[in-house]
Novice: 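Quick one: the structure is below, questions incoming.
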Amino acid sequence: MSHTFPRWTNKIPTIVALAVPVIGVGVVFGMLYWFSPYFTDVGYMPTQPVPYSHKLHAGKLGIDCRYCHNTVEKAAYAAVPPAETCMNCHAYVKKNSEKLALVRQSYETGESIPWIKVHQLPDYSYFAHDVHVTAGVGCETCHGRIDQMEKVALHSPLSMGWCLRCHHNPEPNLRPISEITTMGWEDSPEAAEYDWASDPHRIRNNLQPPQNCSGCHR
């Protein structure tokens with residue numbers, strides 16, 4: 001008797017049973033990786049209206065982060081410096097540079113420089129810089145080695161999972177309050193040898209970051 005289908009078709013159910021889980025795992029992995037903030041967001045580096053170099057200012061010149069972002073210890077947002085802050089130096093240094101024309105215009109007219117935001121969170125997420133900084137989370141922990149960036153790029157994914165990993169175990173990301181803006185401290189001998197038992201803030205013993213939804217979604 002002739003067969004309607006060839007014999008090899010009898011293997012189709014087995015092949016499907018083996019292939020579906022493999023394909024399913026591949027699809028899930030692909031979604032988690034290629035559609036995650038680690039892949040889509042990290043490295044975002046927009047061209048700003050003024051070519052400001054953190055590598056020069058924070059790195060070579062050693063300007064403290066708080067000179068420009070002066071609300072980072074007392075407000076939810078790290079302030080974007082007004083033109084007046086820039087002109088404290090640039091009224092005397094490179095005062096006629098074409099690259100600073102927009103800064104001078106902003107200083108004279110009071111119109112804000114249209115900086116492009118690099119570190120963005122969705123509107124339904126609440127983040128307070130002051131809470132994190134005063135708890136001992138350094139600028140470098142989230143923003144990376146900003147002192148080595150000619151153009152600022154997104155260093156961390158800022159995803160919910162990334163934040164929660166720190167909230168579940170904050171200790172590896174903490175440092176003395178005095179070292180908040182120190183770049184490279186995390187990998188320094190001082191960090192390895194720091195005597196946390198004598199730290200006046202005792203932050204490692206007292207810090208309990210929220211892990212419930214209302215902590216960030218208010």
Side-chain angles (χ1 to χ4, degrees), residues 31-50 52 54 58 63-85 111-147 149 151-183 185-186 196 199-218:
M31 292 292 290
L32 288 175
Y33 181 71
W34 281 291
F35 291 88
S36 74
Y38 286 97
F39 193 84
T40 60
D41 297 351
V42 170
Y44 172 59
M45 185 191 298
T47 298
Q48 300 291 352
V50 177
Y52 179 87
H54 278 79
I63 298 175
D64 190 283
C65 305
R66 292 164 293 194
Y67 179 75
C68 297
H69 306 290
N70 56 18
T71 64
V72 73
E73 295 175 296
K74 53 190 177 183
Y77 292 94
V80 176
E84 286 83 353
T85 301
E111 296 181 3
S112 299
I113 298 172
W115 300 106
I116 301 173
K117 194 170 185 179
V118 178
H119 302 83
Q120 303 186 56
L121 289 177
D123 292 340
Y124 54 78
S125 295
Y126 175 78
F127 176 86
H129 274 85
D130 56 341
V131 172
H132 290 78
V133 168
T134 55
V137 180
C139 306
E140 179 186 353
T141 301
C142 300
H143 296 289
R145 289 299 302 271
I146 205 82
D147 61 318
M149 297 182 188
K151 292 173 63 176
V152 174
L154 186 64
H155 173 265
S156 304
L158 308 184
S159 62
M160 185 173 72
W162 180 79
C163 294
L164 280 174
R165 276 190 287 276
C166 182
H167 278 222
H168 289 156
N169 182 30
E171 290 194 9
N173 297 313
L174 302 181
R175 61 175 67 190
I177 302 299
S178 60
E179 304 295 336
I180 288 299
T181 62
T182 301
M183 293 290 148
W185 190 85
E186 293 177 345
W196 283 101
D199 185 271
H201 295 281
R202 308 281 183 179
I203 53 179
R204 289 204 167 194
N205 295 327
N206 299 328
L207 193 63
Q208 296 180 339
Q211 300 179 25
N212 57 339
C213 302
S214 60
C216 301
H217 303 295
R218 302 182 179 183

Novice: Less than 4.5 Å apart, any side-chain heavy atom of Ile180 and any of Arg175?
Specialist: yes
Novice: Report yes if the side chains of His217 and Met160 come closer than 4.5 Å at any heavy-atom pair, otherwise no.
Specialist: yes
Novice: Answer whether the closest heavy-atom distance between the side chains of Pro157 and Val42 falls below 4.5 Å.
Specialist: yes
Novice: Is the count of non-hydrogen atoms from other residues, nucleotides or ligands lying under 6.0 Å from Lys74 atom NZ greater than 12?
Specialist: no
Novice: Please report the interatomic distance OG1(Thr181) to CD1(Ile63), rounded to the nearest 0.5 Å.
Specialist: 12.0 Å
Novice: Side-chain contact, heavy-atom cut-off 4.5 Å: Tyr124 with Cys216?
Specialist: no
Novice: Working to the nearest 0.5 angstrom, can you tell me the gap between Met149 CE and His155 NE2?
Specialist: 6.0 Å
Novice: Testing the basics here: between Ala135 and Leu207, what is the closest heavy-atom pair and its distance to 0.1 Å?
Specialist: CB-CD1, 3.7 Å
Novice: Any idea how His119 and His143 line up, ring-wise: parallel (<30°), tilted (30 to 60°), or perpendicular (>60°)?
Specialist: perpendicular
Novice: When rounded to the nearest 0.5 angstrom, what is the spacing between NZ in Lys151 and OG1 in Thr47?
Specialist: 3.0 Å
Novice: Measure the spacing between CG of Asp41 and CG of Leu154 and express it to the nearest 0.5 Å.
Specialist: 6.5 Å
Novice: So which atom in Pro49 and which in Pro114 form the shortest heavy-atom distance, rounded to 0.1 Å?
Specialist: CG-O, 3.3 Å
Novice: Shortest non-hydrogen contact from Cys65 to Cys139?
Specialist: SG-SG, 4.1 Å
Novice: Take atom CE of Met45 as the centre, draw a 6.0 Å sphere, and report whether it contains more than 12 heavy atoms from other residues, nucleotides or ligands.
Specialist: yes
Novice: How many angstroms lie between NE2 in His168 and SG in Cys163, if you round to the nearest 0.5 Å?
Specialist: 11.0 Å
Novice: I'd like to know if the side chain of His167 and the backbone of Gln211 have a donor-acceptor N/O pair within less than 3.5 Å.
Specialist: no
Novice: Taking only residues two or more places apart in sequence or in another chain, which ones pass ring-ring contact (aromatic ring centres under 6.0 Å, His included) with His54?
Specialist: Tyr52
Novice: Tell me if the OH atom of Tyr77 is crowded by more than 12 foreign heavy atoms within 6.0 Å.
Specialist: no
Novice: What are the two closest heavy atoms between Val50 and Ile113, and how far apart are they?
Specialist: CG2-CG2, 4.1 Å
Novice: If I compare all heavy atoms of Asn169 with all of Asn173, which pair ends up nearest, and what's the gap?
Specialist: O-ND2, 4.4 Å
Novice: Quick one, Val72 and Asp130 - any side-chain contact, counting heavy atoms below 4.5 Å?
Specialist: no
Novice: State, yes or no, whether a side-chain contact exists between Tyr44 and Ile116 at a heavy-atom distance under 4.5 Å.
Specialist: yes
Novice: Rounded to the nearest 0.5 Å, how far does CD of Glu179 lie from CG of Leu174?
Specialist: 13.5 Å
Novice: On a heavy-atom basis, which atom in Thr141 and which in Trp162 lie closest, and how many Å separate them?
Specialist: O-CZ2, 4.2 Å
Novice: Could I get the full list of side-chain hydrogen bond (donor to acceptor under 3.5 Å, both in side chains) partners for Glu73, not counting sequence neighbours?
Specialist: Arg66
